[in-house]
Amino acid sequence: MTPVHTSPTPVTPEVAHRLHRAITEWYAGAHRDLPWRDPDCSPWGILVSEIMLQQTPVVRVLPRWLEWMRRWPTPADLAEAATADVLRAWDRLGYPRRALRLQAAAQAIRDHHGGQVPDDHAALLALPGIGSYTAAAVTVFAFGGRQTVIDTNIRRVHARVVSGVALPGKSLSAAETRLAEDLMPEDRKLSVRWNQAVMELGALVCTARSPRCHECPVSADCAWLAAGSPPPAVAPRGQAWHGTDRQVRGAVMAVLRGADAAVPEDWLTVAHEIRIDGSVPLARGAEKPLEKLLSLDAPEQQRRRAVDGLVADGLAVRTDGGIALP
DNA sequence: TACACGTGGCT
DNA sequence: TAGCCAAGTGT
């Protein structure tokens, strides 16, 4: 292995070997027992888990994944489902466009890959909703390929252990990619375990806010810890939420998921016409989303922008009766 | 490159 | 409590 010179302290083959051994041994005893890690889990199940886990915590994915796999155990099953059912099953996982793209991916798998999830990295990358990370993850975790997986957890572990900084930069750099590639064990089977183990270390121990360095198997080799755990160079910019278009889109989607008929557009866009007295033809359970929509007190213009955006994104459609799930 | 895109638990 | 954060992708 070529020494890595992208950090203040180059990673020698000896250090790399020590990291491989320490982190994979830690993984063997400390990893979470998740259903998509079961040796019997299908590539489709793993692909579904990877999409659901994008920007979403494991605890929230678990119940949705179990229900999803029960209803649509193969790509062909999901390909043929009604999109409105797919969006309702996605429930409150967030970023519902992922559900749309997952169904589109299922249709592409049915139409162009004989119904089988492709094991080829390039073919995976060509599917809707699958980018660099997910293509690599499926290649590795579903098919045991030797690919460099880089997610936010892995970036953080590398940033601390090797580069000695608290957090990685906003976007993935070429140097980071090269570091990750250079750190990969040559042996294919070990590389699979390495990818999985570093990710898990970042998720359970080397966390963003309060890392548990006393539990870390590589604390002795950690450049960040050795440097005295310096704080991040630049404080990450907070994610705005209250009053944003996203919040309003989310509220509108919640209403549409709970409705058993098209919702008149004015009820969504004109605040004073949204009522929660039970006279609106919405399914039971929709009251709460409606209350949320009301409490937002979002300007009419913003509500219209949200509805227009949802329609433009294919998450909703305009019908004679109003707005509905597609 | 930077921004838009959901949601809810945790500190 | 207000803000941070979570297995990213598409434009």
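Remember, predicted model here, so these are calculated numbers, not experimental data. All values below come from the heavy atoms of this structure, side chains included, with hydrogens, waters and symmetry mates left out. Throughout, a chain's letter reflects where its sequence line sits, starting with A, and its residues are numbered from 1.
- When the P atom of C:dA6 is taken as reference, atom CG of A:Leu53 falls 13 Å away, rounded to whole Å.
- One N or O donor and one acceptor, one from the side chain of A:Arg209 and one from the base of C:dC4, sit under 3.5 Å apart.
- Listed candidates were B:dG6, C:dA7, B:dG8. Nearest to the side chain of A:Met199 is C:dA7.
- Between A:Val59 and A:Ser171, the one whose closest nucleotide on DNA chain B sits nearer the 5' end is A:Ser171.
- At C:dG8, one or more side-chain N or O atoms of A:Gln55 fall inside 4.0 Å of OP1 or OP2 (strictly under the cut-off).
- As a whole-Å value, the separation of A:Leu167 CG from C:dC4 C1' is 11 Å.
- Between A:Glu67 and A:Arg70 there is a salt bridge, since at least one side-chain N of the basic residue sits less than 4.0 Å from a carboxylate O of the acidic one.
- Using a 4.0 Å heavy-atom cutoff across all strands shown, A:Asp313 reaches no nucleic acid atom at all.
- One hydrophobic cluster, built from ILVMFWY side chains closer than 4.5 Å, cannot hold both A:Val48 and A:Val149; they sit in different ones.
- Contact annotation for A:Arg257: backbone-only contact, meaning every heavy-atom pair under 4.0 Å involves sugar-phosphate atoms and none involves a base.
- In this structure, A:Thr152 reaches the sugar-phosphate backbone alone: every heavy-atom distance under 4.0 Å involves primed, P, OP1 or OP2 atoms, never a base.
- Salt bridge annotation for A:Arg18-A:Glu14: absent, with no cationic side-chain nitrogen under 4.0 angstrom from a carboxylate oxygen.
- Only the P atoms considered, B:dG8 is 23 Å distant from C:dT9, to the nearest whole Å.
- In this structure, A:Arg156 reaches the C:dA6 phosphate: one of its side-chain N or O atoms is under 4.0 Å from OP1 or OP2.
- No contact: A:Arg64 has no heavy atom under 4.0 Å from any strand.
- The CG-C1' distance, from A:Leu47 to C:dT9, rounds to 14 Å in whole Å.
- If A:Arg101 and A:Arg32 are placed on DNA chain C by their nearest nucleotide, the residue sitting closer to the 5' end is A:Arg32.
- Looking at A:Arg60, its side chain comes within 3.5 Å of the base of B:dT7 through a donor and an acceptor atom.
- Closest to the side chain of A:Arg92, from the set B:dC5, C:dG8, B:dT7, is B:dT7.
- Rounded to an integer number of Å, the gap from CH2 of A:Trp241 to P of B:dT7 is 6 Å.
- Counted by atom type alone, A:Gln54 and A:Tyr133 present zero donor-acceptor pairs between their side chains at under 3.5 Å.
- In the region residues 119-137 of chain A, proximity to DNA chain B at under 4.0 angstrom, judged on heavy atoms, holds for none of the residues.
- When the P atom of B:dA4 is taken as reference, atom CZ of A:Arg305 falls 11 Å away, rounded to whole Å.
- Sequence neighbours left out, the pairs with a member in residues 82-130 of chain A that pass ring-ring contact (aromatic ring centres under 6.0 Å, His included) are A:Trp68-A:Trp90.
- Residue pairs that meet the side-chain hydrogen bond (donor to acceptor under 3.5 Å, both in side chains) test with at least one member in residues 315-324 of chain A, sequence neighbours left out, are A:Glu265-A:Arg318, A:Asp308-A:Arg318.
- Aromatic ring pairs are classed by plane angle as parallel below 30°, tilted from 30° to 60° and perpendicular above 60°; the pair A:His20 and A:Trp194 is perpendicular.
- Using a 4.0 Å heavy-atom distance criterion, A:Trp90 is classed as making no nucleic acid contact.
- Here A:Arg193 does not pair with A:Glu200 in a salt bridge; the nearest charged N to carboxylate O distance is not below 4.0 Å.
- Across the P atoms, B:dC3 and C:dA7 are found 23 Å apart, a figure rounded to whole Å.
- Spacing between atom CG of A:Asp151 and atom P of C:dA6 amounts to 10 Å, rounded to whole angstrom units.
- Residue contacts shown for A:Arg249 are limited to sugar-phosphate atoms, with no base heavy atom under 4.0 Å away.
- Note: CG (A:Leu204) to C1' (C:dA7) measures 12 Å, nearest angstrom.
- By the criterion of side-chain heavy atoms lying less than 4.5 angstrom apart, applied directly or through intervening Ile, Leu, Val, Met, Phe, Trp or Tyr residues, A:Val140 is not grouped with A:Val117; the two fall into different hydrophobic clusters.
- Atoms OH (A:Tyr95) and P (C:dT11) sit 16 Å apart, rounded to a whole Å.
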